[in-house]
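Okay, structure first, notes after.
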Amino acid sequence: MTEAPRVRFSPAPTGSLHVGSARTALFNWLYARHHGGTFCLRIEDTDRARSKEEWVVGIQDTLRWLGLEWDEGPVLQSARFQEYLAAADELLGAGKAYACYCTEDEVKARNDAAMAAGRPPGYDGHCRDLSAEQRASLAAEGRPRSIRFRTPDEGTSHFVDAVRGDVRVEWTHIPDFVIVRSDGNPIFFLANAVDDIAMHISHVIRGEDLIDSTHRVLALREALGVSERPVYAHLPLILGTDRAKLSKRHGAVALEDFRDAGYLPEALVNYLSLLGWAPDDGREVMDADEIVAAFDLDRVTHAAAAFDHAKLDWMNGEWIRRITLPELEARALPIARTAYGDALDVDTLRDALRIGQERAVKVSDIVEQADFLFVDDAAFTIAAESWERVEKTERIGEVLDAVIAHLDGAEWTTEGVDPRGVIDGLGLKARKVMPALYACLEGRHAGLPLFDSMVILGRERTLARFRAARERLGG
RNA sequence: GCCCCCAUCGUCUAGUGGCCUAGGACGCCGCCCUUUCAAGGCGGUAACGGGGAUUCGAACUCCCCUGGGGGCACCA
């Protein structure tokens, strides 16, 4: 009896994919995969003014980057306007919708007046019962015509939400709403209802911010003669750390920003899956297959969740350590190319990733820390604060002399270049002078493991840097 | 203003009447390890918003308050 579910992710291409939408896409994908269903992609671009082709492309790129492959689509609503308009005509003909000649400004003005008078905003039904003569006359005035859906005057709209249970609202709180703009373009509610019917969507999984619009879409379906309803599941919202709705002011919330910043899709998927859902066994670090296997709507939480960058960072570190070196290299390459351009040497980058993998939080951390490998000795510089550390280091001149002497004849291996013996021989604590050596070689007093870095850089360049530092020190 | 939803450590959460002197994870603090910084190991800090009710017994059920969030467009 239970057929394979059909779900859809239907973003509006009015911006890049952000955290909240990505989580919605993920939960739809997880539901489809867990139940062997179909995951459809639909682009809700009925707002021609705000929709942009670049976002249509960008959203798909980001979805693919996350690994959320869709089975059908993308269905572009902008290509289906005639379907929506036909539906609107049907409703018009049946008297379930009516022509409205109020202008946007007039509606807005009456809304403001209602608010000011302490009455609830919303369309006041001004054109609800116009006679044919009145309509003709208004049209003759050259007034633009929009089409409004006639909502019930009484009674209750009710549906059972898969995560929230019974949801009901009095129809008196839902005013007649526009389904076709005065410019002839259909609106979200109409397109949404028509397409969910046409695409045989069985489960609508989306953010809770859309819960009130469900009543309208449901009414539209029924008016179009479709009594079957999809299962609705409204997900708790994702909030910023200040508990307000997540937005640009909370820093990076666009998924592509996370990608560019060196976060791994595995980590984002994993972290996002835990925002509003949790497996019954308490696992946290899981790959996509494990999440798919454990996921279901009955374990979706009800309360809004705050997006925690610190935990994402931890999660990303976990994943950097889990993926293989070739995988890490594939992720780091684009970032490194951007950072170093022609100076980038892929083999050297791979070496840097190898020695940095165990410690990094973000891919970009390793790429940044490897900068000393891609800069000419002549252009190599030491960060000011790091040089200060060098100067403050006890007997640093002696140390550098000894290290240089040691390196000059050392076997060029990780063990061979290890300078701790000579530091010890000077009666100094390796821990104390190590930061200075990091600074001389890497330009920063904390970075990629020193011995391996020397090996990667090679004897000549390593010695050149230590000698340059020794000279700069003088004395 | 009106409608709706939500409410366990700072954060993400487990918990579905007794197993809870509330568990895990991130963060934070301390210790260990250590080639700097990390990572890793070990330990610690920290919560059921308040008030009623039901019950032999409430984090778990009901009501009120408070707090937080969402919605009320010719955006989606």
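Throughout, a chain's letter reflects where its sequence line sits, starting with A, and its residues are numbered from 1. Hydrogens, waters and symmetry mates are skipped; everything else that's a heavy atom, side chains included, is used. Bear in mind that the values here come from a model prediction, so they are computed numbers and not experimental data.
Considering CG of D45(A) and NZ of K52(A), their distance stands at 14.0 Å, rounded to 0.5 Å.
Stacking of Y438(A) onto the six-membered ring of U36(B) is present: less than 5.5 angstrom between centres, less than 30° between planes.
Side chains of V7(A) and W29(A) form no contact here, defined as non-hydrogen atoms less than 4.5 Å apart. Between F9(A) and L26(A) there is no side-chain heavy-atom pair separated by less than 4.5 Å. Taking the side chain as every heavy atom from C-beta outward, V285(A) and N270(A) approach each other to under 4.5 Å.
Rounded to whole Å, the separation between the P atoms of C33(B) and G10(B) comes to 33 Å. One P atom belongs to A22(B), the other to C48(B), and the distance between them is 11 Å to the nearest Å.
Looking at every heavy atom in both residues, L274(A) comes nearest to E284(A) through CD2-O, 3.5 Å.
The phosphate of U13(B) (OP1 or OP2) has a side-chain N or O of T301(A) nearer than 4.0 angstrom.
The cationic atom of R148(A) (NZ for Lys, CZ for Arg) lies less than 6.0 Å from the six-membered ring centre of Y123(A) and within 45° of the ring axis.
Checking G282(A) against A305(A), the closest nucleotide of RNA chain B that is more toward the 5' end is the one next to A305(A).
Scanning residues 423-435 of chain A for heavy-atom distances under 4.0 Å to RNA chain B yields R431(A), M434(A), P435(A).
Below 30°, between 30° and 60°, or above 60°: for Y263(A) and F258(A) the angle between ring planes is above 60°, a perpendicular geometry. Ring planes of F307(A) and H309(A): perpendicular class, angle over 60° (limits at 30 and 60°).
Heavy atoms of T414(A) sit under 4.0 angstrom from at least one base atom. Among the heavy atoms of the strands lying under 4.0 Å from R299(A) are primed sugar atoms or P, OP1, OP2 only; no base atom is included.
Listed nucleotides G40(B), C75(B), G27(B) differ in distance to R50(A); the shortest reach to its side chain belongs to C75(B). When distances run from any side-chain atom of A278(A) to the nucleotides U36(B), C12(B), A14(B), the shortest one goes to A14(B).
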Counting primed atoms plus P, OP1 and OP2 as sugar-phosphate and everything else as base, spell out the protein contacts along nucleotides 68-74 of chain B at 4.0 Å heavy-atom distance: B, S or - for each nucleotide, 5' to 3'. -SBSBSB
